[in-house]
Amino acid sequence: MSVLKGKHIVLGITGGIAAYKSASLLRLFVRAGAEVQVVMTPSAREFITPVTLSALSGKPVVSEFFTANTGEWHSHVDLGLWADAMVIAPATACTIAKMANGVADNMLVTTYLSAREPVFVAPAMDLDMMAHPSTLRNLDLLRSYGNHVIEPAEGELASHLVGKGRMEEPEGIFRYLEEYFERRVAVENSPLKGRKVLITGGPTVERIDPVRFISNFSTGKMAFAMADEAARRGAEVTVVAGPTVAVPADSRVRVVRVESALEMLDACRREFPASDVAVMCAAVADYRVANPASAKIKREGHEPPHLELVANPDIAATLGAEKRPGQILVGFALETDNGPANAMGKMERKNLDMVVLNSLADKGAGFSTDTNRVSIFRRGVVEPLVFPLKPKTEVAADILNVIETL
Ligand code: PMT
């Protein structure tokens with residue numbers, strides 16, 4: 001049974017060639033058991049007739065503020081309260097601009113401005129309009145308001161030999177909504193609700209002198225994506241983070257800032273006893289300078305210094321040794337080669353319950369990118385779960401989904 005059964009959907013249709021595809025989208029929603037109210041802009045009526053749409057939805061189509069012959073008023077506020085989702089497909093450059101800037105001169109944009117439900121926008125226009133800086137800025141504005149912009153995947157565009165601006169196919173839009181509501185159900189029923197989750201993130205910084213240090217390229221993006229997702233699932237989240245520019249988007253996430261591996265270890269040992277789940281995502285420097293200089297090391301008149309390094313403690317292994325029954329400890333493995341064997345080895349040595357392997361050999365994976373590609377190894381299970389390249393926000397959801405099954 002579709003998760004969209006019984007959902008109330010406002011389907012906004014604007015005046016573009018792709019408007020004919022809205023009929024197929026409407027049919028998919030209705031077949032899944034959703035109730036659909038169509039709202040059209042006046043120019044959309046030039047592309048598809050309201051009669052077709054009202055026959056498919058079983059409801060009169062709304063396109064004006066009131067019905068001319070009866071004077072019946074259509075309340076955009078009531079529509080907003082009724083709806084569980086608003087989908088605007090196709091969304092022309094003009095409607096996108098109006099939505100981005102609050103130009104409420106028709107029923108569709110007025111309904112959008114009153115909407116409290118999630119809004120999904122499927123742009124449709126020609127290549128040049130789509131590439132214009134004003135369209136791109138307006139789409140960014142919509143995203144910044146929390147709206148979902150649904151576009152065909154890059155690979156799909158290439159295989160269809162058509163350019164950007166083509167509307168995502170009705171099946172793709174339908175699937176996007178199904179996945180959105182499936183995720184929402186999963187989040188509402190998450191076993192992480194009320195649980196304490198500790199996450200380490202970012203790099204550690206090991207001082208050479210007051211101005212120089214040893215570190216790595218970690219940005220904290222992966223760790224904060226997991227923190228935001230865990231908070232969304234109702235967990236009480238603490239991130240012990242090395243120096244990063246990135247911050248969590250969710251204000252409920254508590255961040256404990258540290259600089260070095262030794263400071264990170266201290267903070268983790270304080271937090272871990274009260275935690276139900278700990279995820280070690282930080283890229284901890286394996287070595288620190290044995291005796292950092294207290295004043296800046298001078299270049300002039302000096303030989304290059306020889307730095308003596310000592311090993312940092314292994315934070316994950318320390319927590320692994322202190323783990324109580326019932327606590328879940330998850331590690332990451334960042335590899336360049338021999339990934340699976342190294343990941344399994346780390347699981348054993350550090351007493352982890354699960355290891356998330358990412359490899360610098362994969363384009364778009366690992367440090368600093370907004371995407372990642374992971375394989376997940378679980379204790380006692382031979383076969384890893386292998387995931388494709390995805391935004392780190394989605395990778396975070398995949399990782400937490402697996403943690404929820406442990
Ligand atoms: O921050 P981003 O730019 O988004 O990049 C994300 C990431 C690539 C840093 C992340 O996905 C990741 O792979 N983190 C772990 C990096 C790492 O140090 O891997 P490792 O294979 O060296 O370490 C194995 C595990 O032991 C990790 O869980 C690590 O946190 C932990 N460890 C390592 C050394 C140490 N001294 N203490 C530790 O706790």
Side-chain angles (χ1 to χ4, degrees), residues 198-206 214-229 239-249 255 258 260-269 271-272 277-288 309-323 328-377 387 389-396 398-400 403:
L198 168 66
I199 299 170
T200 65
T204 67
V205 161
E206 313 296 334
I214 296 173
S215 190
N216 58 63
F217 297 110
S218 174
T219 57
K221 285 181 186 173
M222 190 66 247
F224 289 131
M226 265 183 306
D228 287 336
E229 181 64 26
V239 183
V240 176
T244 62
V245 174
V247 291
V255 180
V258 295
S260 64
L262 289 178
E263 287 175 16
M264 186 172 274
L265 175 67
D266 275 355
C268 286
R269 291 188 82 178
E271 301 291 335
F272 186 57
V277 176
V279 185
M280 307 282 100
C281 186
V284 183
D286 284 310
Y287 303 100
R288 67 178 183 277
L309 300 180
V310 290
N312 268 327
D314 189 315
I315 301 169
T318 308
L319 301 190
E322 295 172 359
K323 188 168 72 169
I328 295 173
L329 183 59
V330 177
F332 269 71
L334 179 62
E335 306 296 339
T336 50
D337 54 280
N338 246 343
N342 290 337
M344 302 282 265
K346 282 174 184 172
M347 179 139 66
E348 275 319 305
R349 276 200 309 284
K350 301 181 192 226
N351 193 23
L352 307 172
D353 301 291
M354 178 175 131
V355 175
V356 181
L357 167 66
N358 45 188
S359 170
L360 290 178
D362 289 329
K363 197 164 173 285
F367 286 134
S368 72
T369 48
D370 289 325
T371 50
N372 205 357
R373 179 161 180 251
V374 301
S375 303
I376 297 182
F377 295 78
F387 295 86
L389 186 75
K390 294 181 179 189
K392 279 183 176 164
T393 47
E394 289 175 28
V395 175
D398 289 338
I399 294 169
L400 288 167
I403 290 176

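When a ligand or atom number is given, it counts from 1 through the structure's own listing order.
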Discussion item. Under a plain distance cut-off of 3.5 Å, with no hydrogens placed, do N358 and N372 share a side-chain donor-acceptor pair?
Written reply: yes

Worksheet entry | Test: D353 and K323 ion pair at under 4.0 Å | yes

Fill in: SB check K392 E229 (cutoff 4.0 Å)
no

Discussion item. To check your reading of the model: name the closest protein heavy atom to atom 37 (N) of ligand 1, its residue, and the distance in Å.
Written reply: I315 N, 3.0 Å

Discussion item. Which option wins on minimum heavy-atom distance to atom 39 (O) of ligand 1: A316, C281, A285?
Written reply: A316

Practice prompt. Measure across L265 and I315 and return the closest heavy-atom pair with its distance rounded to 0.1 Å.
Written response: N-CD1, 3.8 Å

Discussion item. Distance under 4.0 Å to a non-hydrogen atom of T219: what atoms of ligand 1 satisfy this?
Written reply: 1 (O), 2 (P), 3 (O), 4 (O)

Practice prompt. Please could you name the atoms of ligand 1 that G331 approaches to less than 4.0 Å, counting only its heavy atoms?
Written response: 28 (O)

Discussion item. Are F332 and M222 packed together at the side-chain level, in the sense that at least one heavy-atom pair is separated by less than 4.5 angstrom?
Written reply: yes

Fill in: Minimum-distance protein heavy atom relative to atom 35 (C) of ligand 1
V284 CB, 3.5 Å

Discussion item. Out of all atoms in ligand 1, which are within 4.0 Å of some heavy atom of A333? Include the element for each.
Written reply: 21 (O)

Discussion item. In this structure, does ligand 1 have an atom that sits under 4.0 Å from one of the heavy atoms of N312?
Written reply: no

Worksheet item: Taking N or O atoms only and a 3.5 Å limit, does T200 qualify as a polar contact for ligand 1?
Response: no

Worksheet entry | Subset of ligand 1 atoms that lie under 4.0 Å from at least one heavy atom of K346 | 20 (P), 21 (O), 24 (C)

Fill in: M280: numbered ligand 1 atoms lying under 4.0 Å from its heavy atoms
27 (C), 28 (O), 30 (O)

Item to complete: Provide the number and element of each atom of ligand 1 under 4.0 Å from a heavy atom of D286.
Response: 34 (C), 36 (N)

Discussion item. Among all protein heavy atoms in this structure, tell me which lies nearest to atom 7 (C) of ligand 1, with the distance rounded to 0.1 Å.
Written reply: N358 OD1, 4.3 Å

Item to complete: Check each of F217, F367, F332 against atom 23 (O) of ligand 1 and report the one with the nearest heavy atom.
Response: F332

Worksheet item: Does L334, backbone or side chain, put an N or O under 3.5 Å from an N or O of ligand 1?
Response: yes

Worksheet item: Could a heavy atom of G366 be found less than 4.0 Å from some atom of ligand 1?
Response: yes

Discussion item. Using a 3.5 Å distance criterion without hydrogens, assess whether the side chain of T200 forms a donor-acceptor pair with backbone atoms of V240.
Written reply: no

Worksheet entry | Closest protein heavy atom to atom 18 (O) of ligand 1, given as residue, atom name and distance to 0.1 Å | A283 CA, 3.4 Å

Worksheet item: Atom OH of Y287 and atom CD of E206: how far apart are they, to the nearest 0.5 Å?
Response: 12.5 Å

Response to the item:
Out of S218, A282, P313, the nearest non-hydrogen contact to atom 16 (C) of ligand 1 is supplied by A282

Worksheet entry | Value rounded to 0.5 Å, distance of OG in S260 from CD1 in I214 | 12.0 Å

Worksheet item: Which value, rounded to the nearest 0.5 Å, describes the distance between L334 atom CG and L360 atom CG?
Response: 4.5 Å

Discussion item. Could you tell me if the side chain of P248 sits less than 4.5 Å from the side chain of V239, heavy atoms only?
Written reply: no

Worksheet item: Out of curiosity, is D314 lining ligand 1, as in a heavy atom under 4.0 Å away?
Response: yes

Worksheet entry | Minimum heavy-atom distance D370-K221, with the two atoms named | OD1-NZ, 3.0 Å

Practice prompt. Check if M264 has a non-hydrogen atom at a distance under 4.0 Å from any atom of ligand 1.
Written response: no

Discussion item. Any heavy-atom pair between the side chains of L309 and R288 that's under 4.5 Å?
Written reply: no

Item to complete: Pick whichever of M222, M226, K350 has a heavy atom sitting closest to atom 6 (C) of ligand 1.
Response: M222

